[in-house]
Amino acid sequence: MPQSKKRHVHHQYQKPSTSIPARQAIKGRIIWALLIGVFGLLIGAFASESGYAAMIIGALAGSLLGYFIGKNMEEEARKDK
């Protein structure tokens with residue numbers, strides 16, 4: 001296919017991945033920790049009918065899992081760009 005020699009090539013500007021602000025990175029971790037922590041709390045509540053210990057353990061386990069998921073997503077976002 002013929003290519004025009006007069007056509008200007010437009011390069012897309014992409015920010016480097018290190019330009020993710022630290023504030024936004026911390027927000028992502030907190031959001032994932034809260035979201036999965038709430039699911040862990042609900043699982044603990046439904047698994048034990050009135051056991052507060054199961055609800056607390058479920059919430060803590062869920063929030064730790066969410067924190068590490070958010071942290072891993074941030075690291076992958078930095079590697080991709």
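Keep in mind the model is a prediction, meaning the values are calculated, not measured. These numbers come from the heavy atoms of this one structure, side chains and all, not from hydrogens, waters or symmetry mates. The residues of the chain are indexed from 1 along the displayed sequence.
- Under the 4.5 Å side-chain heavy-atom criterion for grouping Ile, Leu, Val, Met, Phe, Trp and Tyr, F39 is connected to M73 within one hydrophobic cluster.
- In the hydrophobic clustering of this structure, Y52 groups with L41; members are Ile, Leu, Val, Met, Phe, Trp, Tyr whose side-chain heavy atoms approach within less than 4.5 Å, directly or through other members.
- No continuous path of ILVMFWY side-chain contacts below 4.5 Å connects L64 to I56, so the two sit in separate hydrophobic clusters.
- The nearest pair of heavy atoms linking S48 to G51 is OG-O, 3.4 Å.
- With hydrophobic clusters built from ILVMFWY side chains whose heavy atoms lie under 4.5 angstrom apart, L35 shares a cluster with I69.
- The line from CE of M55 to CG of L42 is 8.5 Å long, rounded to the nearest 0.5 Å.
- Counting all heavy atoms, side chain and backbone alike, G70 lies closest to W32 at CA-CD1, 4.0 Å.
- One finds the CG atom of L34 at 14.0 Å from the CZ atom of R29 (value rounded to the nearest 0.5 Å).
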